[in-house]
Structures are given as C-alpha cells and as structure tokens.
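Everything on this sheet refers to the single structure shown next.
Chain naming here is simple, since letters A, B, ... match the order of the sequence lines and numbering starts at 1 in each.
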Amino acid sequence: MREYKPNEIEKKWQDIWEEKKVFETDDDKSKPKFYALVEFPYPSGQGLHVGHPRPYTALDIVSRKRRFQGYNVLFPMGWDAFGLPTENFAIQHKIHPREVTKRNVAMFKQQLKSIGFSFNWDREVNTTDPNYYKWTQWIFIKMFEKGLAYKHEMPINWCPSCKIGLANEEVVAGNCERCGGEVIRKVKNQWMLKITEYADRLINDLDTVDYIDRIKTQQINWIGRSEGMEVNFKISGKEDSLKVFTTRPDTLYGATYMVIAAEHPLIDKYKDDIENMDQIKEYQEYASKKSDFERTELSKEKTGVEIKGIRAMNPVTKKEIPIWISDYVLMSYGTGAIMAVPAHDTRDWEFAKKFDLPIVEVVKGGDVEKEAYIDTESGVLVNSGIINGLEVKDAIEKISNWLEEQGLGHKKTNYKLRDWVFSRQRYWGEPIPLVYCDKCGWVPVPEDELPVMLPEVENYEPTDTGESPLANMTDWVKTTCPKCGGGAKRETDTMPQWAGSSWYFLRYIDPHNNSEIADKEELDYWMPVDWYNGGMEHTTLHLLYSRFWHKFLYDIGVVSCREPYSKRTAHGMILGENNEKMSKSRGNVINPDDIVNEYGADTLRTYEMFIGDFEKGVSWSDNGVRGCRRYLERVWRLQDIVVPGEKYTKELETSIHKIIKKVTEDYETLKFNTAIAALMELLNEFNSIGKITKADLRTYLILLNPVAPHITEELWEIAELDGMLHDATWPKYDEDKIQDKVIEMPIQINGKVRGKVTVKVDDTQDIVREKAKEDESIMKHLEGKQVVKEIFVAGRIYNIVVK
RNA sequence: GCGGGAGUGGCGGAAUUGGCAGACGCGCUAGACUUAGGAUCUAGUGUCUUUGACGUGGGGGUUCAAAUCCUCUCUCCCGCACCA
C-alpha cells in the first residue's frame, strides 16, 4: 500500500475534474435544478481566511450530493471586488485598484481551487468588470426612472477617518462598522433609494421563504413596522396643529403634555411667540452635541425644557397642555413629536416625575403614582369619555374610528427602516450613471452608452470636503445632456459596495450576456436560488438590500419570482484557538493554505465540517485537525481489507442502510458533524470485522465523497470500482433493513438499568421476562421483593417496579 | 429594559414523539512496535468514600421512567434598544 499523500492526489483529481468539466451545469432543462449559493468573497489582500471554507464546504457537500442524486446543479463563485481596502492599498502602494483587484482575485482563486470546491468556474463574475457593472448601473437607472432613486439633502452618517458616508446599517453603536471610529453627522446631498416603499413586502413575504428564524426576526425588527394613528393636536391660538404618531390612541385622555424633538421645525416657525427662546436654544445645542452613543446610553436621566408661549390642545379633553422639548423624542422617527401619557408609558412617566407634570390614569390595574402601568390587551379604560369601560383593544378600535370621522387623525403605519443612503465619495465603485443639466435636471445616461466607465485618475485620495476624487476630473465631469444636448455635468459619487452584490446571483445564470442581465428563459429555469448560505452580519445589509432589488426587478418584469432565495441559512464564525476573533494583531490567524499543505484539502474540509454545530461559532483546534487527518489515514487503509463481493457484508447490512439514511438526511440539515461522526463509527465497525466487500466500500466512498472528494476518488480508482466516483449515483437505503433484528434490551428495576438481555426485536414481554430471569444481576435485585408493576415497550425497554 | 437561544466529562460536542446519558473526535493513562517520532496499533478513560452510590447550571414538581415536560431561579450568548 502506498503512503497517503494528499498533495499528490488532490492536484491530480482537481485537474481531472477541470479537464472533464465534471461540475458544469447540464443544458438538459428537463432535469430538476438545484441552485446553491454562497456569498462571494471580497478579495482582500490578506487572502483566504479559514472562515471562508466553512460555508463553501457545506454547500459544496450539498451540491455534490445533489449531483449524485441526478440534479442539475448550479454552484457558482465570483468576486465582490469594489471596496475601500483595495482603494486604500492602491493609494498606499501607488498601484491602480484594478491591478490590486486582479492580483487578489488570482490569489483567492488559486486558494479556493486548492480546496477542491465544485464551483462552476465557467460562470465566474466580478463586480468590477465593466460588463458586469454595466448592469448594476442599468438597474440603478431603472430605479431612477421609477422614482425610487432620488437626491436629497440630509444629515448622513459620516466617518471622518474613512472619509465616507455610511448607510444606517453600516453604523454599529455609533461607530463605523469598518474602522470602528466614531461616526459624526454631516449634511450632504446624497442619492437615496426608497427601500421604505418595499418595507411591507419585505416583511410580509418572509412568510413565503424558508429562512432560519433568527434571520426573519432580525429583519422584522430592523424594518420595525408599527401600526398606529397620526393624531393632530391643535396649537392654541394658531391655525397649525402638531402631528403625533401613537400606537395607543386609547390613552389619548391621559395625554397631559407633549414633547417634540429638539430639531423640530415648529420651534423655528414660532420663535417669535416663544418666550424662553434662549433656554430652548441652549438645550438644542446641548442635545446636538450629544453623540449617538450618549443618546442611547442606558439609565440616563431625562432632560428637557418647556416651551413657554405656545401650548397645544388635547383633542378629546379639550384641555390646554404644555409642549416640551427633549432628546428622548427623535426627529427621525414618526413625526418628531409625541403625546405624553405618563400613566402608561415608562419614558413619559420618568419625564413627568422629574418635571412634576400631571399623571392621569386612564387604564385601570396599576398604581400610576409608583410606575407606569402597561396593558395593551384587556385593561379597562377609565377617565376616558366615550371609551370609558372598554377594554384596551376595543378602545383602540373605537377611538381610532372616531378620530377619523372627526378629521382629527388617521390610521398610519410607521417604520424604523430608513431609505438607503446610496452615494459614496470614493473612487473604487460603480459610477452613478446620471448627468446633471441645468435645464433638464438629473438625466440618466442612455442605455447604449452604458457602462459609464470609471475614468483613469491620477489620484484616488478621498477629499476632506466630502467630494469624490472623480470631481477633480474636469474632462470627465464635463459632458453633454442626453436630453437637450446642452452642457451638463456627470455625477461624481459612486455606488456603495452593496450595489454589485444586490443582484449577482442573477448574473451567474447567464454571465456573458451582452444584451440583458440574463436570458429570461434561463432565469425562469434557475431562479429562485434554492439554498443560500451566508453570514449573520449581512442580515440587515446585503440580504435585505438584495431582496429589495430583486422585488424591484420583479416589478419591472426582469424576473418571475418575488423572492430571490427560497432558503437561507447562516454559519457560525471560526474563532482562534484562544477563543478570540482571528486577527493579525492577536497573532491567532490560521491560513488555510498551511492546512492544505500540511494535512491536505480533504482534512481541512473534514475538520471544518466536524468541528461543531455549523450554525454556531467554534474555536479552532490544531489537535482537532490532526484527528481528522488520522481519520482519513484510516479511510486510506481500507484498501487493505477490501475483498471481492457485490453484496454488503451480512453483519454490516443494517449499519450500512442506516448510515445511508443518516448521511443523506444530515447533509441536508446542516448536521455535518454528526454525519461525519457516523461515518467514523462505521469505519470502526469495518475495522473490527476486519474485511469489507467492494460493495461496502463503494457505498462508503460515495457517502464520504462530498466531504472528502479527493481521497475517495483515489480509493475508488485503487479498488477498481466501476468508472469514476464522480459519475456514480447516490446509494439508496431500504427502510426494512434499517431496523435491527436483534437488540440488547435494557432491563430496569425501579427505573435503574440492572442488566441487558439479547432479544429479537419483536419478542413479547413473556419471552423477555424469561430471558431476564437467566440474568443473575437482575435476579439479585428482584430477590425478596414484590413486583408491583411491569412496563414493557417492545423493542425498547423493560422496566420492573418492585417493593 | 424587551425579544430569542443556550447551559451535558479535562475540551469540542452526541442523544428531543419522555425509554441504556456521554456517540464521534480531542486530550489523558498504560502497553506493543520503534537507534525518542507531534507516526502507528491495542486496552482504558463521567465522579466518588467503588459488592454500591451519585451524575446533564441550581431548587421544587409530574411520571414506572426526565438532559428532554411543568414551575421557580442563576449564568452566558445573540438581536433590538428613549421607535412613541
């Protein structure tokens, strides 16, 4: 027997697969299709991380298995290559970002290939390829034409160190997701995408897809839909009224004051009526200086100032109530103003207590002097005029209708989701394909002039003024208006990194198409993606964005399905051996290349699947890697114990049928760790018997192949099994043969196992009782005792209760 | 604070219509083979006061039988977080 040398056999089989085009998709559209998708990587300069192969191997396993089962499988790979790190590297080393990208892609591709994934490399896409971003720009133009893209002057999240604007989703606890630095507010004219218009559908259609629960919950939370009413509070002595949003219109009679956000426009409008403008201004300044972090800090005292000189009127009690400003009311949510019901809202209660404002109980059940009483269901209304005596949920219904009839308010749905800030002031991104003409306004670049190519610039450095480096390219910026032919200027902002990844799964379907995103027939065959696996960190970013774009493409008839992905799962992160996140500075980074070189790709794959629950974070263990290598060594030695024979070895038959079932199911349910454990167990069984037939080996190799494709192909060849392993079909199991005929039945006395007897699976209680009597240790526990009760579960357990 | 998930050997983790707790792997112990190697093989490995008892974060309960169900409680992780 030769030595097991992974480096030799892995290269050999990777070449054979490539040469024979083993993994290419089939043109035969009558076959059932399976579209497996993993998130395409950002090709960074650091190269592949051991975290990458985990999800890739998982879906590679499923893809390989499905091919054996006769599916037409699409399992593509590409590059999400626009982005800041590349641009920064380019600036630092004075190399064109295009060149940096090319190098990084080459490195990533070589690394991925060495692990033996069955990707459809003939369908590789790259978001920085003009033939690709042409269509990213095309989609943007379609959105612009439908009014979903608009330019808007607004304060955005600005990262001073990256010199870039950020979407809300990119800000984590007030800090830049990328560099960790503090994010400040900066007013800028930005391109926005109206994702809010799709908010309802993005929530509702989650019912039609199979995503793991935490993803659905997180998206629902992020979109933050709440149903309520917009109610008008008239400002005393003025024509205006102050609009508030509330989900508890039933508590309206308990609204004893109002609070508006510090930035509320009302203040400026009535500055002449306000008596304490100095105080107000002082508070506004104080509020604006607070960072987002301070604003959201826990257990802080409520602050605020009463606006003297203007008051509002409670529309149901007709009483005049004061208006305050406070930073606990946000301008960015609802109307920027609230009605305060201190008796039944914790925040209002705290505020009222601090500033000694009246608290009026309107829902019975608590002690509103001690704390706010919250009951959104069946509490009974008091002190509440027309809704007195009703339960909360009925009161909401009645008062809402009444307010609408009186023209005092209307039903309204509010969302936390904001429109998507889509401009970036950077070089390495898709140019926004619009020009500005003084006469015609914003005009899209005609389709036949797409793509708007990124121009060659001298300098990619971002500017402190917040303008894109492209703004300095006067020749490029100056253009003519496609509409009137007059002078015009190009938009110099570029798109965010999330643009290219919002639709890439469509391009894989027909990556070389020059006339459309992809052929409609091909799209209809392959879409939706059957299984998409990715990281939890993309739940409210890429995953949400791409669902939004897909829905838009559905609306304009490009695709025929409402949702892009039928199923979404998420993998856990791989941490360093010290249980900390892998990073250069911690010095705990594992390079997958080193594992491949030292132990082989099959070991890396097996280990990453065996390491633990796929959905949970796990820490790396070098010893664990060695254990998997040892397992594969034992698999390798199976060649020594193979004997001819086209039937399963008699004693192994049940085990083999069982494992076919187990592995088939486990590969589909992300339980790779238990599938591998079962394969190890069967191997131990093989070795204890000492010889196996070719039939035993054949099934074993096919089952293991998706995890460890190289070694299994090689062993298949060595054992001279028919043809090549990758052409084999997935084994079937026989439900009858899974059931053990003979079992070791545990015998319990008073619930404790006192012995075991070997019985036929369908033996009756009487037979088992007789056998149990032959067992000394069982009899010993029965001696001198009286049998009170016997529980017998056929084929499982026999419990004797004694006194 | 609200919502969700999880607590099992020295470690990663198995076992969920209630039915043998600790599969599989790591680590560890002993032995074999070896001019010592992080190789391979064999046996063992939950704990203890070991003819037995105890044991799935802790307390209580249901049951012939509980890691699994109920109840109280502690701890950790994740998500949201002044969202009206």
Side-chain angles (χ1 to χ4, degrees), chain A residues 3 173 213-222 224-226 228-229 231 244-249 251 255 258-259 261 295-300 302-303 326-330 332-341 344-348 350-351 374 414-417 536 539-540 572 579 598 606-607 610-613 615-631 633-634 637 671 673-684 687 743-756 777 780 788-793 795-802:
Chain A
E3 211 183 313
D213 283 341
R214 55 194 173 127
I215 293 179
K216 286 192 184 184
T217 318
Q218 221 170 302
Q219 289 205 343
I220 291 168
N221 284 345
W222 185 261
R225 176 164 66 191
S226 61
M229 288 216 81
V231 183
V244 302
F245 173 74
T246 178
T247 53
R248 294 291 306 277
T251 61
M258 299 184 84
V259 186
R295 257 181 103 105
T296 56
E297 228 183 346
L298 275 171
S299 68
K300 58 183 187 286
K302 293 271 182 296
T303 57
S326 171
D327 63 356
Y328 89 87
V329 171
L330 311 172
S332 56
Y333 184 78
T335 61
I338 63 156
M339 63 178 212
V341 184
H344 305 289
D345 181 283
T346 315
R347 296 151 298 174
D348 298 343
E350 283 169 13
F351 194 83
I374 318 245
N414 240 311
Y415 302 92
K416 281 197 249 177
L417 185 70
M536 279 310 287
T539 302
T540 54
N579 219 7
E598 197 174 344
T606 308
Y607 173 65
F610 185 61
I611 190 167
D613 188 330
E615 303 194 65
K616 291 204 187 106
V618 280
S619 46
W620 187 266
S621 153
D622 280 335
N623 283 326
V625 177
R626 272 178 226 120
C628 287
R629 168 63 190 250
R630 279 203 280 271
Y631 161 63
E633 296 270 6
R634 290 200 295 277
R637 288 196 296 272
K671 288 152 96 181
N673 52 340
T674 50
I676 294 168
L679 284 162
M680 288 172 169
E681 215 176 336
L682 183 60
L683 180 81
N684 293 343
N687 283 330
I743 58 156
E744 292 277 296
M745 181 179 278
I747 310 297
Q748 298 182 329
I749 313 291
N750 288 346
K752 295 205 164 65
V753 179
R754 297 301 182 186
K756 286 177 188 176
S777 59
K780 204 171 66 191
V788 182
K789 194 173 178 183
E790 291 172 69
I791 294 98
F792 180 78
V793 184
R796 288 221 110 129
I797 205 157
Y798 181 35
N799 188 12
I800 305 165
V801 185
V802 297

Inset, instruction - Report the C-alpha separation of A/Thr251 and A/Asp345 in whole Å, then their side-chain angles, then the decisive distance to 0.1 Å, and conclude whether the side-chain contact (heavy atoms from CB on, under 4.5 Å) test is met. - result: CA-CA 10 Å; A/Thr251 61; A/Asp345 181 283; over 6 Å; no
Inset, instruction - Find which nucleotide of RNA chain B each of A/Tyr333 and A/Arg637 is nearest to by heavy atoms, and output the residue with the more 5' nucleotide. - result: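 Result: A/Arg637.
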Legend entry - Nearest-nucleotide 5' precedence on RNA chain B, A/Ser619 against A/Asp348: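 The residue whose closest nucleotide sits nearer the 5' end is A/Ser619.
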What is the distance, to the nearest angstrom, from the [atom1] atom on [X] to the [atom2] atom on [N]?
X        : N      : atom1 : atom2 : value
A/Lys671 : B/rA15 : NZ    : C1'   : 10 Å
A/Glu350 : B/rG1  : CD    : C1'   : 10 Å
A/Glu615 : B/rG13 : CD    : C1'   : 15 Å
A/Asp213 : B/rG3  : CG    : P     : 17 Å
A/Arg754 : B/rU51 : CZ    : P     : 13 Å
A/Asn221 : B/rG1  : CG    : C1'   : 15 Å
A/Lys616 : B/rC76 : NZ    : P     : 18 Å
A/Gln219 : B/rC78 : CD    : C1'   : 16 Å

Over all strands shown, is [X] touching base, sugar-phosphate only, or nothing at heavy-atom distances under 4.0 angstrom?
X        : value
A/Ser226 : sugar-phosphate
A/Glu744 : base
A/Arg796 : base
A/Lys756 : base
A/Ile800 : nothing
A/Arg225 : nothing

Legend entry - Under 4.0 angstrom between A/Arg214 side-chain N/O and B/rG3 OP1 or OP2: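 So the side chain of A/Arg214 is outside the cut-off, no N or O lying under 4.0 Å from OP1 or OP2 of B/rG3.
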Roughly how many Å apart are [M] and [N], using the [atom1] atom of each and rounding to a whole number?
N      : M      : atom1 : result
B/rG19 : B/rG3  : C1'   : 35 Å
B/rA15 : B/rA32 : P     : 39 Å
B/rG37 : B/rC48 : C1'   : 38 Å
B/rA67 : B/rA6  : C1'   : 13 Å
B/rG9  : B/rG46 : P     : 13 Å
B/rA81 : B/rU71 : P     : 30 Å
B/rC74 : B/rG58 : P     : 15 Å
B/rA39 : B/rC26 : P     : 11 Å

Legend entry - Syn or anti conformation of B/rG22, syn meaning chi within 90° of 0: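 Chi for B/rG22 falls in the anti range.
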Are the side chains of [X] and [Y] in touch, meaning some heavy atoms are under 4.5 Å apart?
X        : Y        : value
A/Val244 : A/Met258 : yes
A/Val231 : A/Met339 : no
A/Tyr607 : A/Tyr631 : no
A/Leu683 : A/Asn687 : yes

Inset, instruction - Find the distance between CD1 (A/Ile797) and CZ (A/Phe792) and round it off to the nearest 0.5 Å. - result: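 CZ of A/Phe792 is found 11.0 Å from CD1 of A/Ile797.
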Legend entry - Rounded distance [0.5 Å steps], CZ in A/Arg634 versus CE in A/Met680: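 Interatomic distance, A/Arg634 CZ to A/Met680 CE, rounded to 0.5 Å: 7.0 Å.
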Legend entry - B/S/- contact track for nucleotides 23-30 of chain B, protein heavy atom under 4.0 Å: BBSSS---
Legend entry - Dot-bracket encoding of pairs in RNA chain B, which uses [ ] for pseudoknotted crossings and | for another strand, Watson-Crick or G-U under 3.5 angstrom: (((((((..(((......[....)))((((((.......))))))(((...)))..(((((..]....))))))))))))....
Return the minimal non-hydrogen interatomic distance between [X] and [Y], and the atom names on each side.
X        : Y        : answer
A/Asn673 : A/Gly612 : ND2-C, 3.7 Å
A/Ile374 : A/His344 : CD1-O, 3.7 Å
A/Trp222 : A/Lys416 : O-CB, 3.8 Å

Legend entry - Presence of donor-acceptor pair under 3.5 Å, side chain of A/Lys416 and base of B/rC80: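 Under the 3.5 Å cut-off, the side chain and the base do not form any donor-acceptor pair.
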What does the list of N/O pairs under 3.5 Å between the protein and nucleotides 63-67 of chain B look like, with a distance for each?
| unit_1 | atom_1 | unit_2 | atom_2 | d |
| --- | --- | --- | --- | --- |
| B/rC64 | OP1 | A/Lys789 | NZ | 3.3 |
| B/rC64 | O2' | A/Asn799 | ND2 | 3.2 |
| B/rC64 | O2 | A/Asn799 | ND2 | 2.6 |

Inset, instruction - Using side-chain hydrogen bond (donor to acceptor under 3.5 Å, both in side chains) as the criterion, list what pairs up with A/Glu790, not counting sequence neighbours. - result: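 Applying side-chain hydrogen bond (donor to acceptor under 3.5 Å, both in side chains) to A/Glu790 gives A/Gln765, A/Arg769, A/Tyr798.
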Inset, instruction - Only counting residues at least two apart or in another chain, list the ones meeting side-chain hydrogen bond (donor to acceptor under 3.5 Å, both in side chains) with A/Glu3. - result: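 Applying side-chain hydrogen bond (donor to acceptor under 3.5 Å, both in side chains) to A/Glu3 gives none.
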Legend entry - With A/Thr217 via side chain to side chain contact (heavy atoms under 4.5 Å, CB included) - residues at least two apart: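 Side chain to side chain contact (heavy atoms under 4.5 Å, CB included) check on A/Thr217 returns A/Asn221.
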Legend entry - Candidates B/rA84, B/rC20, B/rC82 - which lies nearest the side chain of A/Ile797: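 Selected nucleotide (nearest to the side chain): B/rC20.
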Legend entry - Aromatic A/Phe351 / basic A/Lys302 pairing, under 6.0 angstrom, 45° off normal: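 Because its charged atom misses either the 6.0 Å distance or the 45° angle limit, A/Lys302 does not stack over A/Phe351.
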